[in-house]
Engineer: 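Below is a structure I'd like to ask you about.
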Amino acid sequence: MADIVIPAEFLPTDGRFGCGPSKIRGAQLESLVTRGATILGTSHRQKPVKDLVGSVREGLATMFDLPDGYEVVLGNGGSTAFWDAAAFGLIEQRAENLSFGEFGSKFAKAAAAPWLQAPHVVEAPGGSRSELEIVEGVDVYAYPHNETSTGVMAPVVRAQGDPGALTVVDATSAAGGVSFDASATDVYYFAPQKNFASDGGLWLALFSPAAIERVARIAASGRYIPEFLSLQNAVDNSRLNQTLNTPALTTLLLLDDQVSWINGSGGLAWADTRTKTSSSTLYDWAESVDWASPFVSDPSHRSQVVATIDLDDSIDAAAVAAVLRQNGIVDTEPYRKLGRNQLRVATFTAIDPDDVQQLVRAITYVVGALAD
Ligand SMILES: *Cc1c(COP(=O)(O)O)cnc(C)c1O
């Protein structure tokens, strides 16, 4: 590996550009030590931790301008666990799954559970996206708000399907970084290790009244539902600011701090502008040089929180990422299964737009140095 040292003037102040776990701000870590001193290592059944969970739920309700009757629900296991929970407790008979990358396809697999009808899967190749198709008998329409594996974003719109059909959005990498209208969704679920600059292991979701009613109906139907994956259980516990089993308190503390920081900085609209600024820096740059180009060819499909940039075949993107890593700029490798000559850069809310500009300078320097 070439021993290339990037001059300090081209380095970002923080070199974390990964898509999750992702950059955690220094102030969050400090608050972990100060505020955490009275919370970490104490019972999650007592008031201090319940108040922390309550603060997270209230902060998210504020951030997302939660419509009347919607509730913030949470549980252990991250977004991957949510897919299985949805197969048990949210999909009545059949889901439609938009699949245009790794994460959408994973939910489609979970929705192919033996007690359900085979899902209607609408696929599109990586780098583009598929559109909702209205299908009779589908009771859950599911799609990612942001497909993290490819850097493709979809607008949050309600599927106008059968009466009572639910719109369920995987917002794991979009939530907290992209503006949207919560009333267009029935379930908007995510995990805290992306725009929320926390650790993984938890799922959080905004549930509409229709989704809460669906969960109750399936729970009462006699269908077998494992306790750990029971959404009714999650709803009941969340209302008490609790989780079924022990949550990671560090994750909750970091999350709560990030939610307060975003709300105090101007809320979701502010975060949205910030991530747009950062991602535009990357797309504009990639379009301005002849050796890089945005992987997502349709600008209206491009993600504002995950930018995927293809490099010309004459440049080894893996070598570029490796040199960046040696210089403290980490996790710019592409999604492993995509197999492209590409850099993938998170432009999550915590990431400073100035640092993204520096990243472009660092990449330019490394590409020049590798060519020498
Ligand atoms: C990261 C990610 C997931 C997986 O989240 P886990 O908490 O690791 O299960 C799911 N969907 C999307 C869109 C993601 O970006």
Side-chain angles (χ1 to χ4, degrees), residues 16-24 56 60 73-87 90 95 97-111 121 123-124 126-127 129-130 140-156 167-178 180 185 187-206 228-229 231 234 243 247-248 250-252 254-255 258 275 279 296 301-308 331 333-338 344-351:
R16 289 171 290 181
F17 294 98
C19 290
S22 60
K23 178 184 166 186
I24 297 174
V56 167
L60 291 172
V73 180
L74 72 164
N76 280 313
S79 292
T80 301
F82 189 83
W83 294 325
D84 286 329
L90 195 62
N97 294 83
L98 300 195
S99 169
F100 46 85
E102 183 67 12
F103 294 109
S105 87
K106 281 184 170 164
F107 191 10
K109 282 195 194 105
V121 181
E123 294 193 37
R129 70 173 186 242
S130 47
V140 159
Y141 287 86
Y143 57 89
H145 189 179
N146 185 70
E147 180 47 79
T148 321
S149 62
T150 59
V152 168
M153 209 163 80
V156 173
T167 300
V168 176
V169 179
D170 178 355
T172 308
S173 59
V178 184
F180 75 105
T185 70
V187 178
Y188 187 81
Y189 65 95
F190 49 94
Q193 71 273 26
K194 303 194 181 183
N195 284 289
F196 287 111
S198 181
D199 253 331
L202 209 61
W203 61 261
L204 299 111
L206 317 179
F228 183 69
L229 294 171
L231 291 174
T243 45
T250 304
T251 304
L252 287 166
L254 293 170
L255 167 61
Q258 181 74 349
T275 60
S279 53
V296 180
H301 292 186
R302 282 179 199 157
S303 167
Q304 70 192 71
V305 281
V306 174
T308 43
D331 301 338
E333 291 83 4
Y335 190 75
R336 58 199 144 82
K337 288 187 203 155
L338 201 58
R344 181 178 64 151
V345 179
T347 52
F348 293 149
T349 308
I351 293 168

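Along the sequence shown, residues carry numbers from 1. Just so we're clear, the structure is a prediction, and the values are computed from it rather than from any experiment. Remember, it's 1-based here, ligands and their atoms both numbered in the order they're listed.
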Engineer: Quick one: do Arg129 and Glu147 make a salt bridge, cutoff under 4.0 Å?
Structural biologist: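 No.
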Engineer: Please identify which atoms of ligand 1 are closer than 4.0 Å to at least one heavy atom of Ala191.
Structural biologist: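 Numbered from 1, ligand 1 contributes 7 (O).
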Engineer: Counting non-hydrogen protein atoms only, what is the nearest one to atom 5 (O) of ligand 1? Give residue, atom name and distance.
Structural biologist: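 Going atom by atom, the protein heavy atom closest to atom 5 (O) of ligand 1 ends up being Ser79 CB, 3.6 Å.
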Engineer: What atoms of ligand 1 come within less than 4.0 Å of a heavy atom belonging to Thr148?
Structural biologist: 12 (C), 13 (C), 14 (C), 15 (O)
Engineer: Looking only at N/O atoms, are Thr80 and ligand 1 under 3.5 Å apart anywhere?
Structural biologist: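 Yes, Thr80 has an N/O under 3.5 Å of an N/O on ligand 1.
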Engineer: Below 4.0 angstrom from a heavy atom of Trp83, which ligand 1 atoms are there? Numbered from 1 as shown, please.
Structural biologist: 10 (C), 11 (N)
Engineer: Identify, by atom number and element, the atoms of ligand 1 in contact range of Asn146, meaning under 4.0 Å from any of its heavy atoms.
Structural biologist: 13 (C)
Engineer: Give a yes-or-no answer on whether the side chains of Asp170 and Thr172 include a donor-acceptor pair shorter than 3.5 Å.
Structural biologist: yes
Engineer: Can a donor-acceptor pair be found, under 3.5 Å and without considering hydrogens, that links the side chain of Ser198 to the backbone of Leu254?
Structural biologist: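 Not confirmed, Ser198 side chain does not pair with Leu254 backbone.
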Engineer: Using modelled atom types and a 3.5 Å cut-off, is there a donor and acceptor pairing between side-chain atoms of Ser105 and backbone atoms of Glu102?
Structural biologist: yes
Engineer: For ligand 1, indicate whether the residue Gln193 contacts it via side chain, backbone, both or neither (heavy-atom separation under 4.0 Å).
Structural biologist: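 Gln193 to ligand 1: side-chain contact only, backbone stays beyond 4.0 Å.
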Engineer: Which residue and non-hydrogen atom of the protein lie closest to atom 11 (N) of ligand 1, and at what distance in Å?
Structural biologist: Asp170 OD2, 2.7 Å
Engineer: Would you check if there is a donor-acceptor pair between the side chains of Gln304 and Thr275 at a distance under 3.5 Å?
Structural biologist: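 There is such a pair between these side chains.
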Engineer: From the options Trp203, Phe82, Phe180, Tyr143, select the one residue that forms a ring pair (Phe, Tyr, Trp, His ring centres under 6.0 Å) with Tyr188.
Structural biologist: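 The option that passes is Phe180.
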Engineer: At a 4.0 Å threshold, what atoms of ligand 1 neighbour a non-hydrogen atom of Lys194?
Structural biologist: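 Near Lys194, the atoms of ligand 1 are 1 (C), 2 (C), 3 (C), 14 (C), 15 (O).
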Engineer: Parallel, tilted or perpendicular: which describes the rings of Trp83 and Phe107, with under 30° parallel and over 60° perpendicular?
Structural biologist: parallel
Engineer: Show the atoms of ligand 1 that are less than 4.0 angstrom away from any heavy atom in Ser173.
Structural biologist: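 The atoms of ligand 1 under 4.0 Å from a heavy atom of Ser173 are 15 (O).
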Engineer: Supply the atom-to-atom distance Asp331 CG to Ser22 OG, rounded to the nearest 0.5 angstrom.
Structural biologist: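 Here the interatomic distance stands at 9.5 Å.
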Engineer: What part of Phe190 sits under 4.0 Å from ligand 1 if we count only heavy atoms: the side chain, the backbone, both or neither?
Structural biologist: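 Near ligand 1, Phe190 shows nothing, with every heavy atom at 4.0 Å or more.
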Engineer: Suppose we measure from atom 10 (C) of ligand 1 to each protein heavy atom; which comes out shortest, and what is that distance?
Structural biologist: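 That would be Phe103 CD2, 3.3 Å.
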